[in-house]
Amino acid sequence: MTRTSVPRTAAAAALAVALLATAACSSKSAGSDEPTAGTGGVKTGNGVTDKTIPLGALTDMTGVYASLGKSVTQAQQLYVKRINEDGGICDRQLKLTVRDHGYDAGKAIPAYTELEPDVLGFVQFIGSPFVGATKGRIAKDKALVLPQAWAASLLGSEYIRVIGASYDVETINAVDFLVEDKGLKKGDKVGHVYFEGDYGENALQGAKHAAEGAGLEIVEQKIKPTDEDMSAQVAALKRAGVKAMLISAGPRQAASLVGVAAAGGLNVPVVGNNSAFAPQLLQTQAGPALMKDFYVATSTLPIGSEEPAPSRLAKAYKDEYPKDVLDNGVVAGWSAASVFAEALKKACEDKDLTRDGVAKALATMESYDNGFGIKHDFSDPAAPSTRESYILKPDDSVPGGLKVEKEGAAAPAAADFTPGG
């Protein structure tokens, strides 16, 4: 499963800015809509009626992150179905409208422009370049966005809320695992293969912070999303004498890195960010190497966990989509939908189903626990909702292909770190 956004490219950024400028001239800001009094004295706005709460999902069903988009979206559609079967929220049914942008700036920005006036907010927006490009508009429109992206550059807005540890914090926890559980010591070198742009370079910030505190040396290998053969990177890191590796890229790059390293005798532990694994990889030639000494840092229990919430979700998802693969995109989608729904419930209690009302309600959630292992604090827009990460290990015998190697925790070096700083 590919669970993150990829880094910004110059072409995507330029196109996004151009499209954003056009969109700003061609559509009104829905945030300026006057709220109206609805049923039971509840203030409403932006498409909310006495019967319906409209939400949007901007996803990738056909591009580089199609597997993520499919899992996240289907999990959210299942969540909405269950909520509506139980009577909805605030005596209203949720309505989820999905737009596939194919991870293309030429489609992502217009999709936001199209849906924004008619929805209360977005339970999903895949692609940090696109979320970043619309950040100014989101602030003006006041439409709450829960992105499937963890770049620290997205922090700071009360309307864009990152669920989970940001990439830099997550990488600090990964380095701590290498030191505490894999025996790295002062003076050791750690290779870091990372995507250029927001994702990889944010992760690199965390790696450097953790390495400085532990007396380690980071050996950098920057790559592009189009780079899929990690032979050159493995050769360079082997010559450098690294004792471990970090991978802040996609599943294909992680599989190549681990597989090539194993074939070349570079037998060191490797830890990836939450985006660096898909269970389908376990059926490839890289599968045995991935199960040997590869790990994933993430802020949630895996879908294959035997804990009640993941177990119930896995069963419900397979019942609804029996032919589809279980992966942690299912958890990510369900979690985002549940966070948004909880904010809606609190906003209803406050009789304010406007965009401001929902954002304010979310900010009151200081210890939210949806059963997936980590409590989330949404009181500070400048901070990720947690600094904790689980360390997961690939295992083809469990649903979703991941099991818990180390329980969720925040490394000491993560506690005093300023994300994005």
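Heavy-atom basis, side chains included; hydrogens, waters and symmetry copies ignored. As the structure is a prediction and not an experimental result, all values here were calculated from the model.
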So, S389 and N173: side-chain donor and acceptor under 3.5 Å apart, yes or no? yes

CG of N46 to CG of D118, rounded to nearest 0.5 Å, is 9.0 Å

Please determine, by modelled atom types, if D227 and Q253 share a side-chain donor-acceptor pair under 3.5 angstrom. no

From L290 CG over to Y295 OH, what is the distance, rounded to the nearest 0.5 angstrom? 11.5 Å

If you count every heavy atom of other residues, nucleotides or ligands that lies below 6.0 Å from K318 atom NZ, does the total exceed 12? yes

So, Y112 versus F130, ring centres under 6.0 angstrom or not? no

Using distance alone, with no hydrogens and no angle criterion, decide if S166 and D168 have a side-chain donor and acceptor under 3.5 Å apart. yes

Do D377 and S385 get their side chains close enough for a donor-acceptor pair, meaning under 3.5 Å? no

Pair up each side-chain donor or acceptor in residues 152-163 with any protein partner under 3.5 Å, not counting sequence neighbours, and list the distances.
{"unit_1": "S157", "atom_1": "OG", "unit_2": "Y159", "atom_2": "N", "d": "3.1"}
{"unit_1": "S157", "atom_1": "OG", "unit_2": "I160", "atom_2": "N", "d": "3.4"}
{"unit_1": "Y159", "atom_1": "OH", "unit_2": "D356", "atom_2": "OD1", "d": "2.8"}
{"unit_1": "R161", "atom_1": "NH1", "unit_2": "F378", "atom_2": "O", "d": "3.1"}
{"unit_1": "R161", "atom_1": "NH2", "unit_2": "F378", "atom_2": "O", "d": "2.7"}
{"unit_1": "R161", "atom_1": "NH2", "unit_2": "D380", "atom_2": "O", "d": "3.3"}

Rounded to the nearest 0.5 Å, what separates atom OH in Y194 from atom CD in Q221? 8.5 Å

Sequence neighbours excluded, the answer for side chain to side chain donor-acceptor pair (under 3.5 Å) partners of E320 is K81

Do T62 and D100 have side-chain N/O donor and acceptor atoms under 3.5 Å apart? yes

Within this structure, what is the CD-CZ distance for the pair E405 and F177, rounded to the nearest 0.5 Å? 5.0 Å

Is there a side chain to side chain donor-acceptor pair (under 3.5 Å) between Q124 and T73? Walk through the geometry before answering. CA-CA 8 Å; Q124 175 191 168; T73 301; 3.2 Å; yes

Between CG of L115 and CZ of R99, what distance do you get to the nearest 0.5 Å? 5.0 Å

Could you tell me whether K315 atom NZ has more than 12 heavy atoms of other residues or ligands within 6.0 Å of it? no

Counting only heavy atoms not in E228, do more than 12 sit closer than 6.0 Å to its CD atom? yes

What's the spacing between S248 OG and Q205 CD if we round to 0.5 Å? 11.5 Å

Check step by step if side chain to side chain donor-acceptor pair (under 3.5 Å) holds for Y368 and S338. CA-CA 10 Å; Y368 179 67; S338 70; 3.3 Å; yes

